[in-house]
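Below is one structure, written out as structure tokens; comments come after it.
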Amino acid sequence: MKIGYPCVNEAMDCSAANTFRLASYADERLVAAVTANLACLRRMLAWNVAQGLLFFRMGSGIVPFGSHPINTFPWQTHFAADFQVIGDYIKANNLRVSFHPDQFVVLNSPSVDIVQRSIQELIYQGSMLDLMGLDGTAKLQIHVGGLYGDRELALSRFAAVHATLPAAVKARVVVENDDRLFPLRDCLRLHAETGVPILFDNFHHECLNHGEPMAEALRLAAATWHPTADGVPMMDYSSQALGERKGKHADDLVDDQFRRFLQEFHGLDMDLMLEIKNKEASALRAVTILRELGLSVPAPNIPSPPLSLPPDPNAPPKVRRAKKAVSSE
DNA sequence: CGGGGTCAAGGGACA
DNA sequence: TGTCCCTTGACCCCG
């Protein structure tokens, strides 16, 4: 069981999400942003390895406008070596990685244009994993999409579009149960029809379900992953922010709640992405709890890293500006 | 120089 | 049909 967190490490002084406005697009800016993003990504991965966090969701914005027609720069070849170095590091340290294309990727949209742009975005994010030399266990996590007033039609459109995805993308796409529209049961139907693995989200399941007990839901979702082609099933873990709107993620990991949740596994192995607001802090806490419980978590730094990465004095200048002004100086 | 409006992109709830 | 929400960081304009 690997533990991870999404995209942002709040303890680090770099960002892998440097970008700029479409209106100010220029190849020079693109190169600068990607260079900074990849350098920061390397540092974050090395930080994670040192902390025993072996699962990580990379941000969608590594290449700004990565699937936008304005971006005609051959970043795939220009940064090929950089992606490969990162991929080698991931493999050498037994890391698990993924992307989560955001809400604009809607495969079941009735709009052909939106579907096409969505596929382009999947191709962009999948190609980064390809350039890293990672196999099909590195995933692209998406939602089913919209309801459009007809659940059956919405599901069948997803299946139809899924069938047309390029093989390289299809091998990586996994579908997540969501909290308002498509619960686990719908995802299971899609799996039966298309073979798409289900990335289970416990919090979404709590918000929307058909009465499946948590342990059963975990088992059902995990069974949709092919042990070798897809790897250990991934899941998202989070919990309700108390006193907030239903569906809002908690700010902190609640220890007892997490311990209780772990009891639902009954020996099942999954890689856990902690979607908690305070990011790596909660992920570290989760690792501590797993160790206290004697659950198998790979110890940090078992394989010696092929690169001596962090801190990287040769990292490009930080494009990011200081977080908070210090009152005096 | 810092605060805050805005940013490629979708869709649903609600009035 | 229009407004607000999700969810979030970061850009960058403007006072």
Side-chain angles (χ1 to χ4, degrees), chain A residues 5-26 28-30 32-34 36-37 40-41 44 57-73 99-125 141-151 153-155 157-158 161 176 178-183 186 201 203-204 207-208 236 238 240-241 244-251 273-280 317-329:
Chain A
Y5 61 97
C7 307
V8 172
N9 182 317
E10 297 180 329
M12 292 187 63
D13 61 357
C14 70
S15 163
N18 291 285
T19 184
F20 47 88
R21 297 289 169 89
L22 179 63
S24 53
Y25 181 91
E28 296 72 28
R29 292 198 68 160
L30 181 79
V34 176
N37 290 341
C40 184
L41 176 59
M44 284 196 287
R57 179 188 301 164
M58 301 182 285
S60 302
I62 290 175
V63 179
F65 309 103
S67 68
H68 193 284
I70 198 174
N71 183 351
T72 57
F73 185 82
F99 282 110
H100 191 345
D102 59 13
Q103 61 193 346
F104 307 109
V105 170
V106 185
L107 290 188
N108 77 343
S109 171
S111 156
V112 173
D113 189 42
I114 289 169
V115 172
Q116 284 310 307
R117 287 204 304 268
S118 297
I119 293 173
Q120 288 306 308
E121 180 70 13
L122 291 176
I123 290 173
Y124 147 59
Q125 298 198 25
Q141 162 185 359
I142 60 174
H143 292 281
V144 179
L147 208 50
Y148 310 100
D150 188 332
R151 182 174 305 270
L153 206 50
L155 288 169
R157 263 203 314 272
F158 181 97
V161 171
E176 173 188 356
D178 69 68
D179 59 347
R180 292 184 308 146
L181 305 178
F182 295 102
D186 288 333
D201 185 309
F203 184 32
H204 291 169
C207 294
L208 185 68
D236 287 347
S238 61
Q240 175 68 41
E244 298 278 357
R245 171 191 58 79
K246 182 187 176 190
K248 185 166 172 65
H249 290 199
D251 290 344
M273 179 67 59
L274 295 200
E275 288 195 321
I276 311 279
K277 198 159 187 184
N278 63 0
K279 306 285 182 185
E280 81 284 352
K318 293 171 186 102
V319 182
R320 185 190 221 187
R321 68 174 97 169
K323 267 184 184 171
K324 289 274 194 287
V326 181
S327 57
S328 68
E329 64 85 30

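Just so it is clear: chains get the letters A, B, ... in the order the sequence lines come, proteins before strands, and each one is counted from 1.
Taking atom NZ of residue A:Lys279 and atom P of nucleotide C:dT7, one finds them 12 Å apart after rounding to whole Å. One can place CZ of A:Arg117 at 9 Å from C1' of B:dG10, the figure rounded to the nearest angstrom. For the pair A:Asp13 CG and C:dA10 C1', the computed distance is 16 Å after rounding to whole Å. In this entry the distance linking CZ of A:Arg21 with C1' of B:dG5 reads 9 Å, nearest Å. One interatomic measurement links the two molecules: NE2 of A:His68 to P of B:dA9, which rounds to 8 Å at whole-angstrom precision. If you measure from atom NE2 of A:His100 to atom P of B:dA9, you get 20 Å, rounded to the nearest angstrom. Rounded to a whole Å, the CG atom of A:Leu22 is 13 Å from the C1' atom of C:dC11. Summarising the geometry, the separation between OH on A:Tyr124 and C1' on B:dA8 is reported as 13 Å, rounded to the nearest angstrom.
Residues A:Met273 and A:Gln141 are not in side-chain contact: their nearest non-hydrogen atoms beyond the backbone lie 4.5 Å or more apart. In this structure, A:Pro6 and A:His100 have side chains that are not in contact, with every pair of non-hydrogen atoms separated by 4.5 Å or more.
DNA chain C forms stems at B:1-7 with C:9-15, B:10-15 with C:1-6, each a run of 3 or more consecutive Watson-Crick or G-U wobble pairs whose two key distances fall under 3.5 Å.
The salt bridge (charged side-chain N to carboxylate O under 4.0 Å, His left out) check on A:Arg180 picks up nothing, with sequence neighbours excluded. Remark: A:Pro64 engages A:Thr19, A:Phe20, A:Leu30, A:Ala33, A:Val34, A:Asn37 in a side-chain contact (heavy atoms from CB on, under 4.5 Å) (not counting sequence neighbours). Residues passing the salt bridge (charged side-chain N to carboxylate O under 4.0 Å, His left out) test with A:Asp178: none are found, sequence neighbours excluded. Take A:Arg157 and apply the side chain to side chain donor-acceptor pair (under 3.5 Å) test, not counting sequence neighbours, and it matches no residue. Contacts of A:Gln103 classified as side-chain contact (heavy atoms from CB on, under 4.5 Å), with partners at least two apart in sequence or in another chain: none. The side chain to side chain donor-acceptor pair (under 3.5 Å) check on A:His204 picks up A:Glu176, A:Asp201, with sequence neighbours excluded. Taking A:Phe182 as the reference, nothing meets the ring pair (Phe, Tyr, Trp, His ring centres under 6.0 Å) condition, with sequence neighbours excluded. Partners of A:Asp150 under the side-chain contact (heavy atoms from CB on, under 4.5 Å) rule, at least two apart in sequence or in another chain, are A:Glu152, A:Leu153.
Distance check on atom P: B:dT6 versus C:dT3 gives 14 Å, rounded to whole Å. Rounded to whole Å, the separation between the P atoms of C:dT8 and B:dC1 comes to 31 Å. Rounded to the nearest Å, the gap between the P atom of B:dA13 and that of C:dG9 is 26 Å. Annotation: C:dC5 and B:dG5 have their P atoms spaced 14 Å apart (nearest Å). Nucleotides C:dC11 and B:dG10, compared at atom P, are 23 Å apart to the nearest Å. Using P as the reference atom, C:dC12 and B:dA9 are 16 Å apart when rounded to the nearest Å. If you take atom P in C:dT7 and the same atom in B:dG3, they sit 26 Å apart, rounded to whole Å.
Among the atoms of the strands shown, only primed sugar atoms or phosphate atoms (P, OP1, OP2) are found under 4.0 Å from some heavy atom of A:Ser24.
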At a cut-off of 3.5 Å, list every protein nitrogen or oxygen paired with a nitrogen or oxygen from nucleotides 3-5 of chain C, distance to 0.1 Å.
none

Listed pairs, N/O of protein and of nucleotides 11-15 of chain B, under 3.5 Å:
| unit_1 | atom_1 | unit_2 | atom_2 | d |
| --- | --- | --- | --- | --- |
| B:dG11 | OP1 | A:Ser109 | OG | 3.3 |
| B:dG11 | OP1 | A:Tyr148 | OH | 2.1 |
| B:dG12 | OP1 | A:Leu147 | N | 2.4 |
| B:dG12 | OP1 | A:Tyr148 | N | 3.1 |

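With centres under 5.5 Å and a plane angle under 30°, the ring of A:Phe104 is stacked against the base of B:dA9.
Note that CG of A:Asp179 and NE2 of A:His143 are 8.0 Å apart. Values are rounded to the nearest 0.5 Å.
Other residues, nucleotides and ligands contribute more than 12 heavy atoms inside 6.0 Å of the NZ atom of A:Lys279.
Considering only side-chain N and O atoms, A:Ser67 lies nowhere under 4.0 angstrom from the phosphate OP1 or OP2 of B:dA8. Here A:Arg29 does not reach the OP1 or OP2 of C:dA10: none of its side-chain N or O atoms lies under 4.0 Å away.
Residue pairs meeting the salt bridge (Lys or Arg N to Asp or Glu O under 4.0 Å) criterion with at least one member in residues 107-117 of chain A, sequence neighbours excluded: A:Asp113-A:Arg117.
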